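Working notes, structure below.
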Amino acid sequence: MAARILSFLPIPTASSRSSAPVKSISSLSPPPNHHAVRLRSFLIAIPISVAPSLLFPRPSLRSAASVVSILPTAKPERASAEKLPRWSLRAIKAFGMAELEARKLKYPKTGTEALLMGILVEGTSETAKFLRANGITVFKLREETVKLLGKSDMYFFSPEHPPLTEPAQRALDWAVDEKLKSGEDGEITTAHLLLGIWSEKESAGHKILASLGFDDEKASELAKSADKDIVMKYR
């Protein structure tokens, strides 16, 4: 029965196979996209140059300076004041390093001790050089900080930007007030910041400085060059 059904199917012969047109592989491919070829040739023929500033726009220096030149303050009227003296770049960097030091020690807040470490970690200011010249290093500060405040819980994680303690905030505001009282032009430097920490008698930063040999005489010496973060020397 199966053989009888198959007998009705046409069986191709050699002649029929040879006479059937055979299409090449190229003829089976889809027709070229003339629009794509035309567009490609158009793009190649006319090169387009784009300025790097359009691809990677630079932020305005004026807006960037206005953002970073003001450190936290407990006096809201100062946040929008334009005539206030600005913090120097070294002082701002020292403040950022202070937050990082507080996070390294896993402290919940940035205290006066962290501000001190920030000044020394930044390291290029005249204040940092003055402290190192008097035997006060960041390693000694860390050691004295742990002795005074203890270690944090190993499972505790500090916030990305640990808020300031009250003494640390008062130290920042003291630095601004002293700059205003001086009536001199210029920026608020790391020296103002250090003297602000020294003014907080009960703070951890003051106690650590005193334990490492810093006193009122050295504070008076530092105050003489408070308006300079770095002294340029030319040979």
Side-chain angles (χ1 to χ4, degrees), residues 65-123 125 127-128 130-131 136 138 141-142 144-150 152 156-182 184 186-212 214 216 218-219 222-223 226-227 229:
S66 62
V67 171
V68 301
S69 59
I70 299 177
L71 293 182
T73 177
K75 301 179 180 181
E77 66 276 6
R78 288 181 173 174
S80 59
E82 297 182 356
K83 295 183 179 180
L84 285 176
R86 302 297 184 181
W87 288 89
S88 69
L89 291 179
R90 285 179 176 80
I92 293 168
K93 185 179 178 180
F95 179 81
M97 294 296 102
E99 289 186 334
L100 183 60
E101 288 300 312
R103 293 182 63 190
K104 284 181 179 178
L105 293 173
K106 296 187 175 183
Y107 287 164
K109 293 186 177 183
T110 304
T112 52
E113 72 289 340
L115 293 177
L116 283 176
M117 287 185 279
I119 293 173
L120 281 167
V121 170
E122 190 280 328
S125 66
T127 307
F130 181 85
L131 290 174
I136 301 175
V138 66
L141 283 178
R142 286 176 183 155
E144 293 298 321
T145 296
V146 173
K147 286 181 182 179
L148 182 63
L149 302 179
S152 181
F156 176 79
F157 292 95
S158 301
E160 183 178 0
H161 298 287
L164 290 169
T165 61
E166 292 184 5
Q169 184 61 76
R170 288 196 299 267
L172 291 180
D173 289 331
W174 185 96
V176 178
D177 291 337
E178 286 301 308
K179 183 64 180 179
L180 291 172
K181 289 177 184 178
S182 68
E184 298 179 0
E187 299 173 319
I188 309 169
T189 66
T190 51
H192 293 106
L193 178 57
L194 179 61
L195 294 174
I197 296 169
W198 185 248
S199 69
E200 290 294 318
K201 304 297 183 182
E202 299 301 322
S203 67
H206 181 98
K207 294 176 181 178
I208 292 171
L209 280 174
S211 68
L212 295 176
F214 194 86
D216 290 334
K218 289 183 174 61
L222 181 63
D227 292 321
D229 249 355

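These numbers come from a predicted model, not from an experiment.
Side-chain atoms of E101 and L115, non-hydrogen and from C-beta on, never get closer than 4.5 Å to each other. Side-chain contact check for L164 versus F95: some heavy-atom pair is nearer than 4.5 Å. Within the 4.5 Å cutoff, side-chain heavy atoms of L193 are placed close to those of W87.
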- Message: For R103 and H161: C-alpha separation, side-chain torsions, deciding distance, then whether side-chain contact (heavy atoms from CB on, under 4.5 Å) applies.
- Response: CA-CA 8 Å; R103 293 182 63 190; H161 298 287; over 6 Å; no
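Residue E99 holds its CD atom at 9.5 Å from CE of M97, rounded to the nearest 0.5 Å. Rounded to the nearest 0.5 Å, atoms CH2 (W198) and CH2 (W174) are 12.0 Å apart. Interatomic distance, CD1 of I208 versus CG of L148, reported as 5.5 Å (0.5 Å rounding). Distance check, rounded to the nearest 0.5 Å: CG of L195 to CD of E178 gives 8.5 Å. Residue L172 holds its CG atom at 8.0 Å from OG1 of T73, rounded to the nearest 0.5 Å. Rounded to the nearest 0.5 Å, atoms CD (E144) and CG (L209) are 10.5 Å apart.
The two atoms that bring K201 and K207 nearest to each other are O-CG, 4.5 Å, heavy atoms only. Taking both residues in full, the closest heavy atoms of R142 and M117 are given as CG-SD, 3.4 Å, listed atom of the first, atom of the second, then distance. Shown here for I119 and T190, the closest heavy-atom pair between the two residues is CD1-O, 3.9 Å. Heavy-atom minimum distance, P108 versus P163: O-CD, 3.6 Å. The shortest heavy-atom contact between L180 and P85 is CD2-CD, 3.4 Å. Smallest separation of non-hydrogen atoms from E122 and R90: OE2-CG, 3.5 Å.
Looking only at distances, no side-chain donor or acceptor of S152 sits under 3.5 Å from a matching main-chain atom of Y107. When atom types are taken as modelled, the side chain of S88 and the backbone of T189 share no donor-acceptor pair closer than 3.5 angstrom. Counting only distance, with no hydrogens or angles, the side chain of D173 and the backbone of A74 share a donor-acceptor pair below 3.5 Å. Side chain of Q169 to main chain of P72: a donor-acceptor pair is present (N/O by atom type, distance under 3.5 Å, no hydrogens or angles).
Heavy atoms from other residues, nucleotides or ligands lying under 6.0 Å from NZ of K179 number more than 12.
Residues H206 and E200 have side chains that never bring a donor and an acceptor to within less than 3.5 angstrom of each other.
Between L212 and the options L141, L116, L131, a side chain to side chain contact (heavy atoms under 4.5 Å, CB included) holds for only L141.
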